[in-house]
Asker: 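Okay, handing you the structure first.
Below, read A as the first sequence line, B as the second, and so on, with proteins coming before strands; counting in each chain starts at 1. Owing to the predicted nature of the structure, the values given are computational and were not obtained by experimental measurement.
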Number of protein chains: 2
Amino acid sequence: MTFVGKTNTNQLTDIERELIAFFVSAAQAFGLPKSYGEIYGLFFASETPLALDHVVEKLQISKGSASQGIRFLKSINALNPAYIAGDRRDHHIAENSLRLIADGFISQRIRPELKDGAERLKEIARQSKNTSSPIVHERIDTITSWINKAELLFPIVSKFLSTQEERVSPKRSLPIHHKDII
Amino acid sequence: MTFVGKTNTNQLTDIERELIAFFVSAAQAFGLPKSYGEIYGLFFASETPLALDHVVEKLQISKGSASQGIRFLKSINALNPAYIAGDRRDHHIAENSLRLIADGFISQRIRPELKDGAERLKEIARQSKNTSSPIVHERIDTITSWINKAELLFPIVSKFLSTQEERVSPKRSLPIHHKDII
DNA sequence: CAAGGAGTTCAAGAAAAAATGAACACGTGT
DNA sequence: ACACGTGTTCATTTTTTCTTGAACTCCTTG
C-alpha cells in the first residue's frame with residue numbers, strides 16, 4: 001500500500017477534536033444526527049469561514065452528509081453565509097449567539113411540531129364533541145393549556161438568552177428574576 | 001385459526017388512540033422512544049390507575065418495554081404511584097402538571113448532560129492552557145457562558161410553568177384558559 | 001455551448017436504537 | 001419451604017435512523 005499525493009490531508013488538532021466531541025454529544029442530546037454536531041463543532045472551532053469541501057476533508061464524511069448537515073445548520077441559523085472573493089464555493093461561519101441559534105431551532109423544529117399537535121388536538125375535540133365522557137374534555141383542555149404555555153414560553157426564553165449576550169467580559173451572572181422578563 | 005377465550009382483549013377507544021398518537025409524536029419530538037409516548041398517553045387518557053399488565057394488554061407491547069417505559073416515566077415524575085387496596089400489582093396514574101414533568105425531565109435528563117459537558121469543557125481548557133491561540137480561549141469562554149445561561153434558565157422556565165397552574169393566587173393572569181391541573 | 005466545479009438528491013447499505021421475550025429475582029400467601 | 005404473582009434484566013431480533021456515494025442539476029467560465 002502506497003501513499004499518493006497528500007497523505008492525511010488536514011488532520012484535526014487535539015482541541016478541534018475536543019470541541020467537536022463536545023458538540024457531537026450536544027447534538028445527540030437534542031436528538032440530532034452526530035454529523036450535525038461534528039459539522040457545527042468544526043465551524044465553531046475554526047477561525048475562518050469554511051466551504052463544503054473543507055468539511056468533507058477534515059471530518060472525513062461524505063459529501064451528502066456534509067451537504068445536509070450544512071443545510072440544516074443554516075436553517076436554524078447556526079451557520080451564516082460568508083462571502084469569499086474569488087471563490088465560487090459557498091463559505092459559512094458559525095453563529096455564536098446562543099439566542100439566535102435557539103430561536104432558529106425553536107421556530108424551525110419545535111413550533112411546527114406544536115402546531116401539528118394543536119391541530120390534531122382540535123380534530124380530537126371535534127370528534128369527541130358528542131360521544132365523550134367529561135374526562136376526555138378535561139384531558140383535552142389540559143393539553144391545550146400545555147401547548148399555549150409552551151407558546152408563551154418561547155419568547156421568554158429568547159428574551160432571557162438575549163439579556164446577557166455579552167460583548168466582552170463574562171460578567172458574573174446576576175440572578176435574573178423572571179418578573180423582569182415578559 | 002380459532003379464537004380462544006377473550007378475543008381481542010381491551011381494545012382502545014378512538015379517543016384513546018388519538019390521545020396516544022398525540023403523545024407518541026410528542027415523545028419523538030423529544031427524542032424519546034415511541035413506546036414511552038404510548039404509555040404516557042394511555043395513562044393520561046385513563047380515568048383510573050393502571051398496572052403493568054393493563055399496559056401490556058391494551059397497547060400490545062412487551063412486558064419489557066412496558067416495564068422500562070413505566071420506570072422512565074416515573075423517574076421524571078410523569079407517573080405517580082397509586083395504591084390500590086387488595087391488589088399486589090403496582091398501579092400508577094398520570095401526573096398532569098406540566099411543570100412537575102418538565103422539572104423532572106430537566107433534572108433527570110438535561111442537567112446531567114450539561115454537567116458532563118461542563119466538565120469535559122474544563123478538561124479542554126486545562127489542556128489548552130499552554131498551547132493555544134486566543135481564539136480557542138474565546139470559544140471556550142463562549143460555551144461556558146452558554147452552559148451558565150442554560151442553568152439560569154431552568155428555574156425561570158419552572159417558575160413560568162407554575163404561574164398559571166396553581167389554584168392559589170394567580171398573580172398574573174395571562175390569556176390562557178385552564179380548567180386543568182391538579 | 002461544452003466542460004467542469006459546486007452542491008443536492010435519494011436509493012441502498014451501515015449503524016444505532018428500540019422492542020421482544022425468556023430467564024431471573026423478589027415477595028407473598030399458603 | 002414452595003408455588004405463584006409481579007416486575008426487572010438483558011441478549012437477540014427488529015425497526016428506525018443515519019450515512020454513503022453515484023447520478024443529477026445548476027452555474028460559471030473559457
Asker: Looking at Asp116(A) and Arg120(A), is any side-chain nitrogen of the basic one under 4.0 Å from a carboxylate oxygen of the acidic one?
Answerer: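 No salt bridge links Arg120(A) with Asp116(A).
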Asker: More 5' along DNA chain C: Gly64(B) or Gln28(A), using each one's nearest nucleotide?
Answerer: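 The 5'-side residue here is Gln28(A).
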Asker: Answer yes or no: are there more than 12 heavy-atom neighbours, outside Phe105(A) itself, under 6.0 Å from its atom CZ?
Answerer: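 Enclosed: over 12 neighbouring heavy atoms sit under 6.0 Å from CZ of Phe105(A).
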Asker: Using atom CD of Glu57(B) as one end and atom P of dG5(D) as the other, report the distance to the nearest whole Å.
Answerer: 15 Å
Asker: Which is more 5' along DNA chain D, the nucleotide nearest Ser65(B) or the one nearest Leu52(B)? Just name the residue.
Answerer: Leu52(B)
Asker: Quick check on DNA chain C: between Gln68(A) and Arg89(A), whose nearest nucleotide comes earlier from the 5' end?
Answerer: Arg89(A)
Asker: Rounding to a whole Å, what distance do you find between Leu50(B):CG and dT6(D):P?
Answerer: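 My rounded result for the distance is 15 Å.
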Asker: Measure from CD1 on Ile70(B) to C1' on dT9(D) and round the result to the nearest Å.
Answerer: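 Between C1' of dT9(D) and CD1 of Ile70(B): 15 Å.
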Asker: From the list dT6(D), dT19(D), dG5(C), which nucleotide is the closest neighbour of the side chain of Asp53(B)?
Answerer: dT6(D)
Asker: What is the separation between atom CG on Asp90(B) and atom P on dT6(D), rounded to the nearest whole Å?
Answerer: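 That distance rounds to 10 Å.
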Asker: From dA19(C), dG7(D), dT9(D), pick the nucleotide closest to the side chain of Lys63(B)?
Answerer: dG7(D)
Asker: Measure CG/Asp87(A) against P/dG5(C) and give the value in whole Å, please.
Answerer: 13 Å
Asker: On the nucleotide dT8(D), are OP1 or OP2 found under 4.0 Å from the side-chain N or O atoms that Ser67(B) carries?
Answerer: yes
Asker: Between Phe72(B) and Tyr36(B), what is the ring plane arrangement, given parallel below 30°, perpendicular above 60°, and tilted in between?
Answerer: parallel
Asker: Go through the steps for Tyr83(A) and Asp90(A) under the test side-chain contact (heavy atoms from CB on, under 4.5 Å), then give the verdict.
Answerer: CA-CA 7 Å; Tyr83(A) 298 102; Asp90(A) 292 348; 5.9 Å; no
